Amino acid sequence: MRWYADRARDLPWRRADATPWGVLVSEFMLQQTPVDRVLPVYESWLARWPAPAALAAEPPGEAVRAWGRLGYPRRALWLHATATTVVDRHGGRVPADVSELRALPGVGEYTAAAVAAFAYRRRTVVLDTNVRRVLGRLTRGEALPVTASPTTAERAAAETLLPAEPEAAATWSVAVMELGALVCTARSPRCDACPVASRCRWLAAGRPATDNAGSRAQAFAGTDRQVRGLLLAVLRAEPDAVPRARLEEVWPDRTQRERALDALVADGLVEPVGAEAFALPGTLARSSRTGCRTAPSDLADPLHRVGEIAHDDSDVP
DNA sequence: GAACCGTGGCG
DNA sequence: TCGCCAAGGTT
């Protein structure tokens with residue numbers, strides 16, 4: 001904790017003026033995403049939506065668009081749904097209880113514990129990849145976590161180390177996370193700069209490699225995930241509906257492309273506009289989204305008309 | 001428990 | 001170049 005007081009990064013969600021909503025937003029964005037990439041999006045996000053009610057008042061597609069290239073865009077959808085739930089069921093304030101946080105969409109064990117601790121200074125066991133790695137090396141002498149998710153034994157061990165005082169516990173958790181992010185890193189740990197190197201079981205053992213067969217990285221190139229990302233990138237950049245023909249340009253394999261597009265629609269990340277165009281969910285004017293007000297003659301060339309209708313205010317009541 | 005879900009940087 | 005990794009969560 002002395003090391004943290006001296007070396008911690010000045011991150012916006014750690015400042016005294018950070019709100020619980022800001023902490024929650026940061027935790028969503030930081031899931032599997034590096035801090036440096038989150039920072040600019042976090043700033044613009046909170047400037048535009050400083051409270052849950054502001055985000056809930058806009059369509060989910062705007063959240064997906066503002067998410068940019070952070071990756072895993074379902075998080076944007078979940079964050080929007082969480083904002084809506086917070087408004088509807090919690091009076092617009094982010095709950096402080098772990099059980100209530102855990103019930104929010106996109107909030108799992110880690111995020112619930114993190115928000116309770118960092119936003120409300122509750123005493124919770126915060127076990128992210130950093131904490132798991134640091135404690136695994138320090139107390140068990142293991143280079144990297146062996147299991148994909150924290151075990152019961154890991155939780156018990158972490159709870160034993162956690163300070164009894166809630167305020168101290170919250171700081172201890174963020175301090176261990178920071179140590180893992182800056183010093184006790186996965187690839188090239190800087191043990192010479194580590195404040196607890198003298199007590200590290202892994203270092204004492206000569207930093208042995210631990211074979212973790214369970215955590216093989218997932219492939220990406222050529223997968224549906226890559227195709228989904230390419231399709232969504234086109235839709236984010238276009239304020240109006242995008243004709244199917246333009247989406248066909250991003251990936252040659254028709255079968256895989258259609259499967260990815262169908263999955264995006266099923267996930268609620270993409271909304272069909274008529275039969276031959278698509279848009280981010282809820283982002284179009286109602287007249288163009290339903291197509292019900294379109295004259296029969298306009299349907300002759302739907303691929304091109306759909307995009308134009310959104311620009312055309314003349315038929316909007 | 002396994003599979004799936006984006007994106008970019010780094011060693 | 002390419003596998004690994006990054007404040008995970010849901011199905």
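Keep in mind that this is a model prediction, so the values were computed, not measured. Chain A is the first sequence line, chain B the second, and so forth, proteins listed ahead of strands; every chain is numbered from 1.
A:Thr147 and A:Arg132 share a side-chain donor-acceptor pair at under 3.5 Å.
For A:Arg122, the salt bridge (charged side-chain N to carboxylate O under 4.0 Å, His left out) partners at least two apart in sequence or on another chain are A:Asp97.
For C:dA6, the OP1/OP2 oxygens have a side-chain nitrogen or oxygen of A:Arg133 closer than 4.0 Å.
Nucleic acid contact for A:Gly71: base, since at least one base atom lies under 4.0 Å from a heavy atom of the residue. Across all strands, A:Leu11 comes closer than 4.0 Å to base atoms (heavy-atom distances). Here A:Arg74 lies in heavy-atom contact (under 4.0 Å) with a base. Heavy atoms of A:Arg132 sit nowhere under 4.0 angstrom from any nucleic acid atom. Among the heavy atoms of the strands lying under 4.0 Å from A:Trp13 is at least one base atom, whether or not backbone atoms are also near. Backbone-only engagement by A:Thr129 is indicated by non-hydrogen atom pairs under 4.0 Å involving sugar-phosphate atoms exclusively. Residue contacts shown for A:Val107 are limited to sugar-phosphate atoms, with no base heavy atom under 4.0 Å away. Among the heavy atoms of the strands lying under 4.0 Å from A:Ala186 are primed sugar atoms or P, OP1, OP2 only; no base atom is included.
Checking C:dC5, C:dA7, C:dG9 against the side-chain heavy atoms of A:Leu144 singles out C:dC5 as nearest. Comparing B:dC5, C:dG9, B:dT7 by their closest approach to the side chain of A:Tyr72 singles out B:dC5. Picking from C:dA7, B:dG8, C:dT10 the nucleotide with the shortest atom distance to the side chain of A:Arg102 gives C:dT10.
Across the protein-nucleic acid pair, A:Asp128 atom CG and C:dG9 atom P stand 10 Å apart, rounded to whole Å. Atom OH in A:Tyr4 sits roughly 14 Å away from atom P in C:dA7 (whole-Å rounding). Atom CG of A:Leu70 is separated from atom C1' of C:dC5 by 17 Å (rounded to the nearest Å). C:dA7 atom C1' lies 14 Å from atom CG of A:Leu135, rounded to whole Å. Per the geometry, CG belonging to A:Leu77 stands 13 Å off P belonging to C:dT10, to the nearest Å. For A:Trp67 and C:dG9, the CH2 to P distance is 12 Å, given to the nearest whole Å. A:Leu264 places its CG atom 10 Å from the P atom of B:dC5, with the value rounded to the nearest Å. The separation between A:Phe220 atom CZ and C:dG3 atom P is 14 Å, rounded to whole Å.
Although no hydrogens or angles enter the test, the distance criterion places a donor-acceptor pair under 3.5 Å between the side chain of A:Arg14 and the main chain of A:Arg9. A donor-acceptor pair under 3.5 Å links the side-chain atoms of A:Trp67 to the main chain of A:Gly71, judged by distance alone. With hydrogens and angles ignored, the 3.5 Å screen pairs no side-chain donor or acceptor of A:Arg207 with any backbone N or O of A:Trp202. The closest donor-acceptor contact from the side chain of A:Thr210 to the backbone of A:Leu144 lies at 3.5 Å or more, if one exists at all. Although no hydrogens or angles enter the test, the distance criterion places no donor-acceptor pair under 3.5 Å between the side chain of A:Glu58 and the main chain of A:Ala63. A distance-only check finds a donor-acceptor pair linking the side chain of A:Gln256 to the backbone of A:Gly222 [under 3.5 Å].
B:dG9 sits 25 Å from C:dG9 when the P atoms are compared, rounded to a whole Å. Straight-line distance between the P atoms of C:dA7 and B:dC5: roughly 22 Å, to the nearest whole Å.
Across A:Val38 and A:Thr33, no two heavy atoms sit closer than the pair CG2-CG2, 3.8 Å. Across all non-hydrogen atoms, the minimal contact from A:Pro95 to A:Leu101 is O-CD2, 3.2 Å.
Residue whose closest nucleotide on DNA chain B sits further toward the 5' end, between A:Ser188 and A:Asp267: A:Asp267. Of the two residues near DNA chain C, A:Thr185 and A:Glu109, the one whose nearest nucleotide lies more 5' is A:Thr185.
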Can you list the steps and then say if A:Glu62 with A:Arg65 is a salt bridge (charged side-chain N to carboxylate O under 4.0 Å, His left out)? CA-CA 5 Å; A:Glu62 287 306 320; A:Arg65 194 191 308 281; 3.7 Å; yes
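Using a 4.0 Å cut-off on heavy atoms, the residues of residues 25-37 of chain A that approach DNA chain B are A:Gln32, A:Thr33, A:Arg37, listed by number. Applying a 4.0 Å cut-off to non-hydrogen atoms, the residues of residues 222-233 of chain A that approach DNA chain B are A:Asp224, A:Arg225, A:Arg228, A:Gly229, listed by residue number.
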